[in-house]
> 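One structure coming up, written as structure tokens, with questions to follow.
Remember, predicted model here, so these are calculated numbers, not experimental data. Every chain is numbered from 1, with letters handed out A, B, ... down the list of sequences.
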Amino acid sequence: MSTLAVVSAGLGQPSATRLLADRLAAATSAALGGDAAVEKIELRDHAHAMVDATLTGFPSGTFRAAVETVANADGLIAVTPIYSASYSGLFKSFFDVLERDVLDGKPVLLGATGGTERHSLAIDFAMRPLFAYLRAAVVPTAVYAASEDWGGGAGRLADRVTRAAGELAALMDARPAPAKADPYDDPVPFEDLLAGG
Amino acid sequence: MQFGIFTVGDVTRDPTTGSVPSEAERIKAMVAIADRAEEVGLDVFATGEHHNPPFVPSSPTTMLGYIAARTERLILSTATTLITTNDPVKIAEDFAMLQHLAGGRVDLMMGRGNTAPVYPWFGKDIRDGIDLAIENYHLLHRLWREDVVDWEGRFRTPLQSFTSTPRPLDDVPPFVWHGSIRSPEIAEQAAYYGDGFFANHIFWPKEHFQRLIGLYRRRYEHYGHGSADQAIVGLGGQVFMRKNSQDAVGEFRPYFDNAPVYGHGPSLEEFTAETPLTVGSPQQVIDKTLTFRDSFGDYQRQLFLMDHAGLPLKTVLEQIDMLGEEVVPVLRKEFEALRPAHVPATAPTHASRITEEVR
């Protein structure tokens with residue numbers, strides 16, 4: 001069974017970001033044949049722990065479990081509200097404290113919410129470069145939901161959700177998580193280090 | 001087991017009084033701390049090396065030479081000596097000289113240094129950190145063991161017919177530790193040479209360091225220096241004590257909350273739960289320190305950080321008194337009772353290394 005991690009940086013209760021994350025998760029789970037463990041992470045719950053980790057260099061307590069969930073997941077849905085023309089600081093903080101290489105090649109679906117559709121391109125000019133740097137495999141369709149998407153335009157948000165979820169599910173099916181060499185279990189022999197290798 | 005103090009040498013404002021020591025006061029305080037460490041029966045004093053404010057110890061062998069003249073038993077060491085940005089030839093010369101002056105009471109700990117601008121200030125590139133540590137130490141290792149060295153490498157001007165003077169005291173080089181908090185390459189390096197490995201695990205949870213020390217022990221055995229449990233391991237520690245643990249917590253909290261490394265982040269309670277930091281009674285320090293052996297196996301050196309975050313000298317000296325009088329005697333006995341006979345009790349000393357050479 002594959003594991004799907006869902007990271008949501010919404011702040012409100014209820015939050016539109018959470019709503020979008022839930023719909024993307026449900027659609028992806030359905031596209032995977034219902035055979036996926038969905039692990040939801042609400043970044044607000046870890047807000048203080050994330051700042052602490054930024055200062056100390058290690059994630060503590062339940063936040064460590066959240067980090068490990070993302071590291072071990074077969075796929076990731078990452079959803080943020082758009083603040084000041086970009087992802088929120090809370091959202092960025094989470095990806096700042098992940099160990100390097102954690103998202104290497106991991107299938108990722110991006111989502112964002114905002115008050116108006118004018119900010120929809122923030123996904124492409126802010127989120128995609130971040131995940132390109134993290135070497136994630138981001139699916140082509142990202143889903144932006146403005147306030148009005150929750151009311152009118154029957155089917156249009158749902159269509160985008162279904163298409164994006166299908167892409168993520170296909171990528172997760174096609175790409176088993178790559179086995180990573182463990183530098184602690186399998187160190188580079190010293191002769192190689194000395195030879196500049 | 002060897003017990004001692006390691007100091008960063010930071011000049012930090014005391015958050016309770018607002019006073020900031022001068023560089024002169026801080027340097028004299030470090031010397032007073034070393035003096036007191038010897039008086040209360042500790043084994044080791046180690047100083048950091050830094051090349052930027054707010055730190056004072058840029059010239060470790062100068063300070064250690066001065067302390068050597070004031071003490072009789074204390075082992076003088078570093079935490080750490082920058083193997084990346086110092087010329088390995090100068091390290092070989094400086095520490096051999098110190099060794100002669102101190103009658104062999106010298107060892108040193110190699111470290112890379114994580115202050116990015118120090119590398120370009122000394123003409124190096126931080127991206128070469130591991131490569132510098134490996135090449136420079138390899139040269140240092142030869143300079144102490146071969147009277148005449150021909151050498152060519154990537155980072156330093158070549159040497160032809162070079163002799164590093166003075167030669168090590170009794171032809172026995174100082175024992176070397178390699179300190180690292182996250183690099184498997186450095187654990188591998190320490191294992192290769194049969195040197196010591198020091199994990200300053202005081203700021204992070206133990207799981208990470210178990211992997212690093214586990215790697216060092218395994219590879220120490222692989223390279224034929226002895227069994228994994230005979231590898232020479234050192235650990236950090238960070239404590240603040242008062243007779244009553246609530247007094248310790250109350251007095252230390254403002255220093256914790258404003259400390260340069262972790263201040264304004266997690267609470268004192270969260271940090272003590274996650275890391276080796278102990279704030280409480282001497283008995284609590286004893287109990288926590290004994291858990292290090294459970295986590296990492298029998299080890300040979302325990303260094304405590306006591307003089308940081310703006311704590312006044314008077315308080316630091318009281319802490320060292322409690323450490324020497326109430327904590328270390330108990331720990332010595334407890335650790336010794338638990339140690340299997342085939343595991344070294346302490347890190348190699350000059351005297352023990354002479355014996356080994358002869359044998």
> Relative to chain A, which of Arg218(B), Glu270(B), Glu135(B) shows the most heavy atom pairs under 4.5 Å?
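Of the candidates given, the most pairs with chain A belong to Arg218(B).
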> How long is the straight-line distance from CD of Glu274(B) back to CG of Asp52(A), given to the nearest 0.5 Å?
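Atom-to-atom, Asp52(A):CG and Glu274(B):CD are 10.0 Å apart.
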> Which members of residues 87-103 of chain A, sorted by number, sit under 4.5 angstrom from chain B on a heavy-atom basis?
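Residues in range: Glu99(A).
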> Where along residues 18-28 of chain A does a heavy atom come under 4.5 Å of chain B, listed by residue number?
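Counting heavy atoms that sit under 4.5 Å from chain B, no residue of residues 18-28 of chain A is involved.
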> Taking the inter-plane angle between the rings of Tyr193(B) and Phe190(A) on a 0 to 90° scale, is it parallel (under 30°), tilted (30 to 60°) or perpendicular (over 60°)?
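If you compare the ring of Tyr193(B) with that of Phe190(A), the planes turn out perpendicular.
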> Considering only residues two or more places apart or on different chains, which pairs with a residue in residues 101-128 of chain A satisfy ring pair (Phe, Tyr, Trp, His ring centres under 6.0 Å)?
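Residue pairs with at least one partner in residues 101-128 of chain A: there are none.
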> Check each atom of Gln210(B) against the heavy atoms of chain A and say whether the ones under 4.5 Å are side chain, backbone, both or neither.
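Contact with chain A is absent: no heavy atom of Gln210(B) under 4.5 Å.
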> Please round to the nearest 0.5 Å and tell me the distance separating atom OH of Tyr262(B) and atom CZ of Phe58(A).
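Here the rounded value is 11.0 Å.
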> With rounding to the nearest 0.5 angstrom, report the CG to CD1 distance, Leu193(A) to Ile130(B).
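With rounding to 0.5 Å, CG (Leu193(A)) is 8.0 Å from CD1 (Ile130(B)).
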> Given that the side chain runs from C-beta out, which part of Asp185(A) has a heavy atom under 4.5 Å from chain B: side chain, backbone, both or neither?
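Both backbone and side chain.
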> Please report the interatomic distance CZ(Phe271(B)) to CG(Leu55(A)), rounded to the nearest 0.5 Å.
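Phe271(B) CZ to Leu55(A) CG: 10.5 Å, rounded to 0.5 Å.
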> Contact part of Tyr192(B) toward chain A, heavy-atom cut-off under 4.5 Å: side chain, backbone, both or neither?
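Interface part for Tyr192(B): side chain.
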> Are Asp182(A) and Arg211(B) side-chain neighbours, meaning at least one heavy-atom pair lies under 4.5 Å?
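Of all side-chain heavy-atom pairs linking Arg211(B) with Asp182(A), at least one is under 4.5 Å.
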> Can you name the side chain to side chain donor-acceptor pair (under 3.5 Å) partners of His225(B), sequence neighbours left out?
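Here no residue qualifies.
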